[in-house]
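Just so it is clear: chains get the letters A, B, ... in the order the sequence lines come, proteins before strands, and each one is counted from 1. Here the structure is a predicted model, which is why all the values come from computation and not from measurement.
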2 protein chains.
Amino acid sequence: MFRTVTKCSTIKDVAAEADVAISTVSLVTNRKGYVSPKTTTRVLQAARKLSYSPRRAARNLSSGRTGNIGFVVRSDHFTRSETFYSRIFLGTEFEADNQRWYILLTTIPKEYVPIEHTPRFLRERNVDGIIVAGKVDPAFFTELEGAGIPVILIDFEMDAYSAVVIDNLGGARAAVEHLLDRGHSDIAFLGADMSHPSLSERFEGFQLAIHAAGESLNPARIIIEDKGEPVYKTGMVLSERLFSCYPTPTAVFCINDALAFCVLDQAARRGLHVPDDIAVVGFDDVPRAEQSHPPLTTVRVYKEQMGELAIRYLKEQMSDLSPSQLLYDRGSHTVKVPTELIVRASS
Amino acid sequence: MFRTVTKCSTIKDVAAEADVAISTVSLVTNRKGYVSPKTTTRVLQAARKLSYSPRRAARNLSSGRTGNIGFVVRSDHFTRSETFYSRIFLGTEFEADNQRWYILLTTIPKEYVPIEHTPRFLRERNVDGIIVAGKVDPAFFTELEGAGIPVILIDFEMDAYSAVVIDNLGGARAAVEHLLDRGHSDIAFLGADMSHPSLSERFEGFQLAIHAAGESLNPARIIIEDKGEPVYKTGMVLSERLFSCYPTPTAVFCINDALAFCVLDQAARRGLHVPDDIAVVGFDDVPRAEQSHPPLTTVRVYKEQMGELAIRYLKEQMSDLSPSQLLYDRGSHTVKVPTELIVRASS
DNA sequence: ATACTTTGTCGAAACGCTTCGATAGTAATA
DNA sequence: TATTACTATCGAAGCGTTTCGACAAAGTAT
């Protein structure tokens, strides 16, 4: 039994069909140069008749554009069960589709060894631009330098690179102010991995809000596990510590939702009622926040939108400039994406 | 300020450096044909010295291989908050990386209109193989026919295509047998969207287990919402219906975890204790199952592994056959991936 | 009518690789 | 020594586009 394999038609076939030169067909399909309306429609008809589409590979080789964007993220970040970075990734996928690009995903290890771990798409010159999500090893950036490819960071800042970042400080501040408004004055802070700028900024926002209210920081209420990542396992340890405080604080601001869920767990296990005995606020607004017990008050981060923004921004950076201009460092622009406090039953 | 743009070296440069012909370099980098050890090392040294990597685009055009795999999934499936298909996707990403391929992701609408929605990578001949995850519009397959490209389905079966599927029947059966073992005889079934083969198979497994135990099916305990998808919203409606039964069944088997979580919710809200008042079992073992209250007994589906398997399988299908052999339909092979019952506190 | 500009189309080079048939050089066989 | 069979390397065609300079044809100003 045979499958019908339709030999796919080339620009040559279209040119023959429309009785024009190959280059004319190219001009039409790329909407470049002057082609008379009459010829244009003739070419378009021929193209449709033969259901012609330019082959990517040929186009790439000839034009130097690949139509691909590289997405780089640390493997340990990407496979976390809380879907923070994968939502960002999906955001880029979504907008890339609009821009008719494809995303090539690569995860790199936490400890990056230059030549050895170089993403294949860089070596093979298979991307027109690169998005780096989250904190990655600085060694990676030294490699990126020489590539002469537009780069946008997401949720991370570095040197002169452009970036799309979260308004962590504002978000944290709003969350804590909300707790203060509700009459809480004894507010704990739960955090981990403060080496990540995004996370330390949240701590700053916490402090700012406390101070702005004329309160002072109580070191006993600052519960941080600096070695651990802000994930379930660490959260269990931290919330254990939180509840072994005496007296228990009346409210807690958690550096992200994953930690906040752990606090909800522990509270329930100890027979404490949220929010009456203790109010809990998180950060990120992952899908589960809506469905927890009680639903979690948290700071919404527009993850998909950040991905989208990065793509748009990359596009701008790529089309704005002629290749030679790309040689100049145009300085970095950082977009700070606002957050939104979502008040639910946990506070 | 200038960025250093290292003009990347080509095969020509390497040939010059090693003082051999271009074709010899190609033979070495592709490990093809006869090249003497002496020449080989000379070429490799030159390549390393110039840090040469073949350009993807050039290689594509010349060899006809793109090094890309297309991943097709319905957009509504992919963006669900339960991360079923995105885990499968990650599995493919993971294994594709091993095989030195890239995955091009495309979501297609639920209602597929042939020409209009054709994935770009198909038109542009930019993939060597295709993975289709989950149920998609049959119209899509009619398009796939003529492409002459290897295809593997995941979690879906269709005509003569090869597929990687879940042992839904076995899994469901094991889950229900587990409940029977615990002494339950009044077991309800919660389901939705039974048009998806994976889901109707789970129902079959349920029925089989009940019958095998010598019990008979109680229609009042079969609670199905056929129009809705098995997600949170539907789940709330279904569990509402479940608890309005009198008497309440002592156990319930849910078609997936998303529905099971809703049951846990509703039970808690009504002051019922799980598993004493009602035992709950789900299907899929999404990450949250481990962290729910109580942790959910469920049937684990190896999602990432299914993705991996699909890639390996695709590879086999692609390398086994010379292009001309590809013209023959070699019949389909279906791999059924076993499931595992994970017993937790909810039963 | 002449010179100059604009418009629309074309031919050919170039992109960087793979691949295949050709060809020397060497070893084995008659 | 003449023939055959490998072995190792090479040259060149070809993949399907884009792009740039050339060039007629048509239009405009002198």
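- Looking only at atom types and distance, the side chain of B/Tyr112 has a donor-acceptor partner in the side chain of B/Glu143 under 3.5 Å away.
- With sequence neighbours left out, the salt bridge (Lys or Arg N to Asp or Glu O under 4.0 Å) criterion links B/Arg56 to A/Glu124.
- Remark: aromatic rings of B/Tyr161 and B/Phe156 are distant, center separation not under 6.0 Å.
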Compile the donor-acceptor pairs under 3.5 Å between side chains in residues 36-44 of chain A and protein atoms, sequence neighbours left out, one pair per line.
residue, atom, partner, partner atom, Å
A/Ser36, OG, A/Thr39, N, 3.2
A/Ser36, OG, A/Thr39, OG1, 2.7
A/Thr40, OG1, A/Ser36, O, 2.8
A/Thr41, OG1, A/Pro37, O, 3.3
A/Thr41, OG1, A/Lys38, O, 2.8
A/Arg42, NH1, A/Ala18, O, 2.5

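- Rounded to whole Å, the distance from CD1 on B/Ile11 to C1' on D/dA12 is 14 Å.
- When distances run from any side-chain atom of B/Leu61 to the nucleotides D/dT17, C/dC15, D/dC15, the shortest one goes to D/dC15.
- Of the residues in residues 23-42 of chain A, those lying under 4.0 Å from DNA chain D by heavy-atom distance are A/Ser23, A/Ser26, A/Asn30, A/Lys32.
- For the contact set between residues 44-52 of chain A and DNA chain D, defined by any heavy atom under 4.0 Å, the members are A/Tyr52.
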For residues 102-110 of chain B, which side-chain donor-acceptor pairs fall under 3.5 Å, sequence neighbours excluded?
residue, atom, partner, partner atom, Å
B/Tyr102, OH, A/Phe121, N, 2.8

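- Side-chain atoms of A/Ser62 and base atoms of D/dT17 include a donor and an acceptor less than 3.5 Å apart.
- Between the side chains of B/Asn126 and B/Thr66, no donor-acceptor pair of N or O atoms lies under 3.5 Å.
- By the salt bridge (Lys or Arg N to Asp or Glu O under 4.0 Å) test, A/Arg312 is found to be paired with A/Glu95, A/Glu308, residues two or more places apart in sequence or in another chain being considered.
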